[in-house]
There are 2 protein chains.
Amino acid sequence: MPTVSVENYLKAILHLQDGDGDRVSTTAVAEKVGATPASTSAMMTRLGDRGWVEHERYYGVRLTEKGQRLAMDILRRHRLWERFLVDHLGFEWDQVHEIAEELEHVDSVELTNRLDAFLGFPKLDPHGDAIPGPNGRFRSVAARTLLAEAPRNLDLVVVGVVDGGDAFLRHLGVLGIELGSRLTVIERHAFDGSLVVRFDNSEEQQLLAPGVCERLWVDQSNPSPVIVFPESESPN
Amino acid sequence: MPTVSVENYLKAILHLQDGDGDRVSTTAVAEKVGATPASTSAMMTRLGDRGWVEHERYYGVRLTEKGQRLAMDILRRHRLWERFLVDHLGFEWDQVHEIAEELEHVDSVELTNRLDAFLGFPKLDPHGDAIPGPNGRFRSVAARTLLAEAPRNLDLVVVGVVDGGDAFLRHLGVLGIELGSRLTVIERHAFDGSLVVRFDNSEEQQLLAPGVCERLWVDQSNPSPVIVFPESESPN
DNA sequence: TTTAATTTTTAGCCTTGTCTAAAAATAAAT
DNA sequence: ATTTATTTTTAGACAAGGCTAAAAATTAAA
Ligand SMILES: [Mn+2]
Ligand SMILES: [Mn+2]
Ligand SMILES: [Mn+2]
Ligand SMILES: [Mn+2]
């Protein structure tokens, strides 16, 4: 029975580990949860005592099997609630993170599984991030590419957002980009990686700044169904 | 920004005050929240410092305007979530209290109001208790009588449960009683208040023990729409 | 109106989670 | 290989919430 605070730390560590099973530094965790390194150091010790992380003094932490499972369950609840808020309560995708940050701590397996069913067992949250299943592992999702690395002259769909802070999400709104937006890369500027693209719904070409291209997952419109386990860095 | 613990205390005090605006004893609150009188005494002082209760040393507490409003908002969230759990996730009415006890602490006005709308602005929770509106006051609900005090030979409907602990709710299930059940009082035993009743759906008469009759709200099947603000003692 | 019982508060202690400031260890740079 | 910079941990404090045991106030009984 982890506390709310402990759960937030565990989820932060999961995000920072991000597939790569290497250790995460105290400072990185501190920054993620918004605490000082001193407080975080103390918490890492407590998490180690409870068997949720391996803590190598001065070298960081890594989630144990048990810790990973706990963290995945929290992430599952977070993303399911985000789906609920957007699909059924009419929230925008840039408004749900903070609320889900609290709902995720209501820890009831019954509730979570029934919510999952109610939502139709979604694979992705409103930001295109994979939702862990009841077994604590990601459900398989089609392959995806960063827009920044996508080839030219292909019909692409925006399928996800990397590190989708609310400010970035609202910026996408201003640009008229959302999940499902279709576009084609016309030109890539070698200098900084800016892209000239054309959206499906418009005749005009448009420039996308590198900071945007590096944070959008895309897929081909006619997807070859390669199955893979994605590991985005998105926190939501 | 009250903590979860503070919110639970405030709600407990609201329940114990129950319409009557007189003071509530420390021991009663302690029992309700499951803490010792010593811990509760300390908490009452803190609540007083923050202006949420008037605390007369040695004589108990009474919610202030601000405290009452906070408590009503918590109760609103609790009962809205109970409706959600029963109406949309398929929980039984004896399974929702504990989960709502956690969900009620997710404090977002936006979330609460959208949930309210999603549910169709319900007036009653699954136990027949009134749901406070966004203004922090109960929505008007038709008058109700305790079954123990209802006249004979009237067509009655069960509209609510007093103090609906899960055990009592399951007992009602065994007896085949739920909200909406229709019955008529045939006979009242003067000795202990037991009632002989006949349910709508059956020919046979049935005996109801006093402990049951005193904890069921009923209304006439063809209700004369008297408007009143109910104050049940139910905690859910 | 004393005495006894009950209720409430205080005193003292503990855990969790947070902080700042200082010490210790590791990593980087000369 | 030292010195310097950075990171991590430790030390010491504090607030919230909880407990038990003891003191004080109130209420009930004699
Ligand atoms: Mn959270
Ligand atoms: Mn998300
Ligand atoms: Mn609660
Ligand atoms: Mn209820």
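Values below: every heavy atom of this structure, side chains too, minus hydrogens, waters and symmetry copies. Proteins get letters first, then strands, A, B, ... in listed order; numbering begins at 1 in each.
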Engineer: When rounded to the nearest 0.5 angstrom, what distance separates NE2 in B/His88 from CZ in B/Phe118?
Structural biologist: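 Nearest 0.5 Å value for the NE2-CZ distance: 4.0 Å.
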
Engineer: Can you list the steps and then say if B/Asn113 with B/Arg76 is a side chain to side chain donor-acceptor pair (under 3.5 Å)?
Structural biologist: CA-CA 10 Å; B/Asn113 290 340; B/Arg76 165 170 163 79; 2.7 Å; yes

Engineer: With respect to the side chain of B/Thr3, which nucleotide from D/dG17, C/dT9, D/dT9 is positioned closest?
Structural biologist: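 Among D/dG17, C/dT9, D/dT9, the one nearest the side chain of B/Thr3 is D/dG17.
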
Engineer: In residues 35-49 of chain B, which residues come under 4.0 Å of DNA chain D by heavy atom?
Structural biologist: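 Nucleic-acid contacts, sorted: B/Ala35, B/Thr36, B/Ala38, B/Ser39, B/Met43, B/Arg46.
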
Engineer: Examine C/dT7: is either OP1 or OP2 under 4.0 Å from a nitrogen or oxygen in the side chain of B/Arg23? Give yes or no.
Structural biologist: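 No, because none of the side-chain N or O atoms of B/Arg23 sits under 4.0 Å from OP1 or OP2 of C/dT7.
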
Engineer: Taking the six-membered ring for Trp, are B/His97 and B/His78 ring centroids under 6.0 Å apart?
Structural biologist: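 Ring-ring flag for B/His97/B/His78: true, centres closer than 6.0 Å.
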
Engineer: Does the side chain of A/Tyr9 get closer than 4.0 angstrom to OP1 or OP2 of C/dT18 through an N or O atom?
Structural biologist: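 Indeed, a polar side-chain atom of A/Tyr9 lies that close.
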
Engineer: Of all residues at least two apart in sequence or in a different chain, which pass the ring-ring contact (aromatic ring centres under 6.0 Å, His included) check with A/Trp81?
Structural biologist: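 By the ring-ring contact (aromatic ring centres under 6.0 Å, His included) rule, A/Trp81 matches A/Phe84, B/Trp81.
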
Engineer: Go nucleotide by nucleotide along DNA chain C from the 5' end; which of A/Tyr58 and A/Ser5 gets its closest nucleotide reached first?
Structural biologist: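 Upstream on the strand: A/Ser5.
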
Engineer: Quickly work out the B/His55 NE2 to D/dA25 P distance and round it to whole Å.
Structural biologist: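 Rounded to whole Å, this separation is 14 Å.
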
Engineer: For B/Asn8 and B/His105, does a side-chain donor sit closer than 3.5 Å to a side-chain acceptor?
Structural biologist: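 Looking only at side-chain atoms, B/His105 and B/Asn8 do form a donor-acceptor pair, the distance falling under 3.5 Å.
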
Engineer: My understanding is that only one of B/Lys11, B/Arg79, B/Arg77 makes a salt bridge (charged side-chain N to carboxylate O under 4.0 Å, His left out) with B/Glu101; could you say which?
Structural biologist: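 One option only clears the test, and that one is B/Lys11.
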
Engineer: B/Glu31 has an atom CD; how far is it from atom C1' of D/dG18, in whole Å?
Structural biologist: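 Nearest whole value for this atom pair: 18 Å.
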
Engineer: State whether A/Tyr59 places a side-chain N or O below 4.0 Å from either non-bridging phosphate oxygen (OP1 or OP2) of D/dT9.
Structural biologist: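 No.
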
Engineer: Take A/Arg50 and A/Arg57, find for each the nucleotide of DNA chain C with the closest heavy atom, and name the residue whose nucleotide sits nearer the 5' end.
Structural biologist: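 First, find each residue's nearest nucleotide; the 5'-ward one identifies A/Arg50.
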
